[in-house]
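Everything on this sheet refers to the single structure shown next.
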Amino acid sequence: MLALIRYSVPPGQAEEFLTRAHEIVDTLAAQPGYVRGRVSRSVDEPELWALVSEWQGAGFYRRALGAARMAMYPLMTLMINEPSAFEDVERP
C-alpha cells in the first residue's frame, strides 16, 4: 500500500522541514512492513511537500504511525488534512 502525507511548508521553514521529514522517514524505515520511503517537493508549487512511503499492508502503516508520532508531532501544523493511505488496485 502507498502512504502519502502532504505538507504546506512556508519558504522560511523548508530547511527545518526537510531535516524533520527525513527523521520521520528514518523512524518509519525501522518499523515492520516498511518497503521504502522518500520526501518529495512539488515542481509546480515549491511550498507543497510530500512524505511518501510504501508498506506491505495498511495494518503495518497504521502501527508505524504510532511509533513515529513523536517525530511527526512538530510538523503536524504543516500537514494537509486528507486521507493518506491508498491501496493498490489490480488492473482489470
Side-chain angles (χ1 to χ4, degrees):
M1 66 135 294
L2 176 74
L4 174 66
I5 302 173
R6 296 189 316 145
Y7 297 87
S8 180
V9 182
Q13 296 180 26
E15 188 174 323
E16 180 182 351
F17 169 81
L18 189 55
T19 298
R20 292 188 180 271
H22 281 286
E23 289 172 4
I24 293 168
V25 171
D26 291 344
T27 302
L28 294 174
Q31 304 308 309
Y34 177 87
V35 176
R36 73 179 64 73
R38 65 189 173 278
V39 179
S40 300
R41 186 178 196 174
S42 171
V43 174
D44 300 315
E45 295 182 43
E47 293 184 11
L48 186 60
W49 292 74
L51 193 152
V52 182
S53 57
E54 293 180 47
W55 297 86
Q56 292 175 356
F60 289 110
Y61 171 61
R62 299 211 190 280
R63 284 186 292 279
L65 286 177
R69 185 168 306 281
M70 292 306 292
M72 296 176 85
Y73 186 76
L75 299 182
M76 285 189 175
T77 59
L78 304 175
M79 208 179 274
I80 296 172
N81 187 15
E82 61 188 4
S84 64
F86 298 85
E87 65 182 352
D88 292 334
V89 178
E90 296 297 320
R91 186 176 187 166

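Fair warning: this is a prediction, and the values are worked out from it, not measured in the lab.
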Minimum heavy-atom distance [X]-[Y], with the two atoms named:
X: L51; Y: A21; result: CD1-O, 4.0 Å
X: A58; Y: M1; result: CA-SD, 3.3 Å
X: I5; Y: S84; result: CG1-CB, 4.0 Å
X: A68; Y: L28; result: CB-CD2, 3.7 Å
X: P10; Y: S8; result: CD-O, 3.7 Å
X: P32; Y: W55; result: O-CZ3, 3.7 Å

Exercise for the section: Supply the atom-to-atom distance L2 CG to S53 OG, rounded to the nearest 0.5 angstrom. Expected result: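 Spacing of CG (L2) from OG (S53) equals 7.0 Å.
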Problem - Atom pair OH (Y7) and CD1 (I80), whose distance is rounded to the nearest 0.5 Å - result: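 Atom-to-atom, Y7:OH and I80:CD1 are 10.0 Å apart.
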Look at the side-chain heavy atoms of Ile, Leu, Val, Met, Phe, Trp and Tyr, link any pair under 4.5 Å apart, and say whether [X] and [Y] land in one connected group.
X: M70; Y: M72; answer: no
X: M76; Y: V25; answer: yes
X: M79; Y: L65; answer: yes
X: F17; Y: V43; answer: no
X: L78; Y: W49; answer: yes

Handout entry: Aromatic Y34 / basic R36 pairing, under 6.0 angstrom, 45° off normal
Key =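 Cation-pi check for R36 and Y34: fails.
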Exercise for the section: Say whether, by atom type as modelled, one donor and one acceptor occur between the side chain of R41 and the main chain of P46 under 3.5 angstrom. Expected result: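 Checked: pair present.
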Handout entry: All pairs passing salt bridge (charged side-chain N to carboxylate O under 4.0 Å, His left out) where residues 16-29 contributes a residue, at least two apart
Key =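 Only E16-R20 qualify under salt bridge (charged side-chain N to carboxylate O under 4.0 Å, His left out).
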Exercise for the section: Please examine the side chains of Q56 and V35, heavy atoms only from C-beta on, and report whether any two atoms are closer than 4.5 Å. Expected result: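 The answer is yes; the side chains approach within 4.5 Å.
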Problem - Residues, nucleotides or ligands: over 12 heavy atoms within 6.0 Å of F86 CZ - result: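 Correct, the count exceeds 12.
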Handout entry: Enclosure of E82 CD (heavy-atom neighbours >12, cutoff 6.0 Å)
Key =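 Atom CD in E82 is crowded, with more than 12 foreign heavy atoms closer than 6.0 Å.
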